[in-house]
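Single-structure report; data block below.
Remember, predicted model here, so these are calculated numbers, not experimental data.
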Amino acid sequence: MDFKSRVVYMPEVGEVLVSVVSLNELLMTEEGDYVNEKAQLIDEQIFYFVNDDEIDLPVKSLMSILSIGFV
């Protein structure tokens with residue numbers, strides 16, 4: 001499966017990788033554990049997960065979502 005992701009520049013932290021919640025759901029079990037070591041490696045590279053319909057928003061809108069999650 002392919003999942004969308006984007007690199008976004010956040011003034012507070014620099015460039016960050018953002019991906020979609022549907023990916024996060026596949027990386028984790030219902031108990032909140034990683035499904036395997038590869039899933040953990042992928043998750044550790046992603047700064048924030050947004051809803052699938054938000055990943056294609058304009059940069060300013062996406063940064064607004066990330067700023068709220070970062071506070």
Next item on the list: Report the distance from atom CE of Met10 to atom CG of Leu66, rounding to the nearest 0.5 Å.
Entry: 5.0 Å
Next item on the list: Rounded to the nearest 0.5 Å, what's the gap from CZ on Arg6 to CD on Glu15? Could you check?
Entry: 12.5 Å
Margin query: Tell me whether Val13 shares a hydrophobic cluster with Val18, the cluster being built from Ile, Leu, Val, Met, Phe, Trp, Tyr side chains joined at under 4.5 Å.
Written below: yes
Distance-only criterion, 3.5 Å: show the donor-acceptor pairs between side-chain atoms of residues 52-60 and protein atoms not counting sequence neighbours.
residue : atom : partner : partner atom : Å
Asp52   : OD1  : Ser22   : N            : 3.2
Asp52   : OD1  : Ser22   : OG           : 3.4
Asp52   : OD2  : Ser22   : OG           : 2.7
Glu54   : OE1  : Asn51   : N            : 3.0
Asp56   : OD1  : Lys4    : NZ           : 3.4
Asp56   : OD2  : Lys4    : NZ           : 2.5

Item checked: Derivation of the side-chain contact (heavy atoms from CB on, under 4.5 Å) call for Val50 and Val21 -> CA-CA 6 Å; Val50 296; Val21 170; 5.8 Å; no
Notebook entry, point to check: Pick from Phe49, Phe47, Tyr48: which one makes a side chain to side chain contact (heavy atoms under 4.5 Å, CB included) with Ser19?
Noted result: Phe49
Item checked: side-chain contact (heavy atoms from CB on, under 4.5 Å) partners of Glu37, counting only residues at least two apart -> none
Item checked: side-chain contact (heavy atoms from CB on, under 4.5 Å) against Asp2, all qualifying residues, sequence neighbours excluded -> none
Next item on the list: Answer yes if Met28 and Leu41 sit in the same cluster of Ile, Leu, Val, Met, Phe, Trp and Tyr residues linked by side chain heavy atoms under 4.5 Å apart, and no otherwise.
Entry: no
Item checked: Shared hydrophobic cluster for Ile42 and Val7 (ILVMFWY, side-chain gaps under 4.5 Å) -> yes
Checklist line | Contact check, side chains of Leu26 and Phe3, non-hydrogen atoms, under 4.5 Å | finding: yes
Check: Does Glu44 have any side chain to side chain donor-acceptor pair (under 3.5 Å) partners at least two apart in sequence or in another chain, and if so, which?
Finding: Gln40
Next item on the list: Could I get the full list of side chain to side chain donor-acceptor pair (under 3.5 Å) partners for Glu31, not counting sequence neighbours?
Entry: Thr29
Margin query: What's the separation between atom CG in Asn24 and atom CD1 in Ile46, rounded to the nearest 0.5 Å?
Written below: 7.5 Å
